[in-house]
Asker: 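Encoded as structure tokens, here's the structure I'll be asking about.
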Amino acid sequence: KAAMADDVLAWPALPASERAALRARLALITYLYGEGDVITYANGCHTGPPNMGLAVSGAAGTYLALLPDHPMFERWRTHLAAYADYKMGANLAPGGGWFEYGGAYHMHGFARLSNGVVGLAAAEAPGCERLLDGIALDWSYYLNLLTPFDTRWGARMVPGLANSMPSFSGHFMEASGALSETMPELAAHLRWAWLANGSGNHDINPALERPWIEPKEPALASQIYPGVGVIFRAHQGPRETFMFLRAGYNWSHWTEDQG
């Protein structure tokens with residue numbers, strides 16, 4: 001966990017021997033992330049849908065900024081940024097929307113890539129601005145999926161569709177913390193989304209929470225998402241209405257008879 005390692009390394013009184021041992025482990029992890037035969041993109045193995053390999057490799061960039069003096073730093077940074085850019089291009093629709101859908105499958109790969117891109121940006125990797133733009137597009141789309149308040153669940157929900165059930169997505173909180181410095185307004189919106197969605201805490205890293213972020217409710221609006229479909233919204237608040245019309249790419253675990 002890069003966030004936890006960062007916290008420990010920031011402690012001035014950390015003994016030199018323990019600092020060296022921790023940095024050695026971080027370097028080993030990054031060596032493995034950079035090795036195609038380990039991550040599987042170079043050994044001919046089929047890892048299932050594209051989302052599955054990304055769930056392993058997406059977070060690779062998180063450790064880079066903790067190793068700026070490593071002799072492999074420049075090579076790692078260039079390679080991992082290029083691979084993240086390739087995966088972003090393969091999985092992200094033009095206006096936001098992911099190869100997979102929902103609180104389960106969408107987040108299985110994208111949440112890891114989102115954290116990895118923040119690490120690449122901290123390491124000032126080439127092309128990180130475009131990667132951050134892609135992350136912002138998809139988080140904005142994911143946030144706009146939230147239904148009006150649903151009395152059955154006691155929250156706004158990420159609706160069930162394709163291969164994902166109606167979801168409480170704790171990854172809103174993770175992203176809010178991870179993006180708090182690079183995109184403070186989006187981070188405030190994501191903090192609001194996490195609270196409005198029921199403060200889910202499954203499969204997330206609590207070290208990324210930033211409880212001091214003031215949640216800010218965004219203006220939720222109808223929007224066309226090329227390759228995905230249309231979200232219709234009106235009357236945000238107690239009389240709010242919402243419809244998600246899926247009509248786009250025939251992707252992975254999405255329902256085939258869409259639209």
Asker: With a cut-off of 6.0 Å (strictly less than), are more than 12 heavy atoms of other residues, nucleotides or ligands near CD of E74?
Answerer: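 More than 12 within 6.0 Å, yes.
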
Asker: How long is the gap from NE2 on H253 to CZ on F99, to the nearest 0.5 Å?
Answerer: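 Spacing of NE2 (H253) from CZ (F99) equals 9.0 Å.
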
Asker: Can you tell me how far the OG atom of S140 sits from the CG atom of L186, to the nearest 0.5 Å?
Answerer: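 So the gap between those two atoms works out to 5.0 Å.
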
Asker: What's the shortest heavy-atom distance between L146 and A193, and which atoms?
Answerer: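 Minimum heavy-atom contact is CD1-CB, 3.8 Å.
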
Asker: Does the side chain of W194 pick up a donor-acceptor pair with the side chain of S199 at under 3.5 Å?
Answerer: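 S199 and W194 do not have a side-chain donor-acceptor pair below 3.5 Å.
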
Asker: Do other residues, nucleotides or ligands put more than 12 heavy atoms under 6.0 Å from R210 CZ?
Answerer: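 Enclosed: over 12 neighbouring heavy atoms sit under 6.0 Å from CZ of R210.
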
Asker: Distance check, rounded to the nearest 0.5 Å: Y63 atom OH versus R25 atom CZ?
Answerer: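 With rounding to 0.5 Å, OH (Y63) is 12.0 Å from CZ (R25).
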
Asker: Is the Y225 to Y141 ring centre distance short of 6.0 Å?
Answerer: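 Between Y225 and Y141, the centre distance is under 6.0 Å.
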
Asker: In Å and rounded to the nearest 0.5 Å, what is the CG to CD distance from L195 to E217?
Answerer: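 L195 CG to E217 CD: 11.5 Å, rounded to 0.5 Å.
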
Asker: Quick one, V230 and S222 - any side-chain contact, counting heavy atoms below 4.5 Å?
Answerer: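 No, side chains not in contact.
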
Asker: Please report whether the ring centroid of Y142 lies less than 6.0 Å from that of F172.
Answerer: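 F172 vs Y142: aromatic centres under 6.0 Å.
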
Asker: Whether the H106 and E100 side chains hold a donor-acceptor pair (N or O, under 3.5 Å, no angle test) is what I'd like checked.
Answerer: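 Not at all, the side chains of H106 and E100 share no donor-acceptor pair under 3.5 Å.
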
Asker: So, for W251 and Y101, is the gap between ring centers shorter than 6.0 Å?
Answerer: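 No.
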
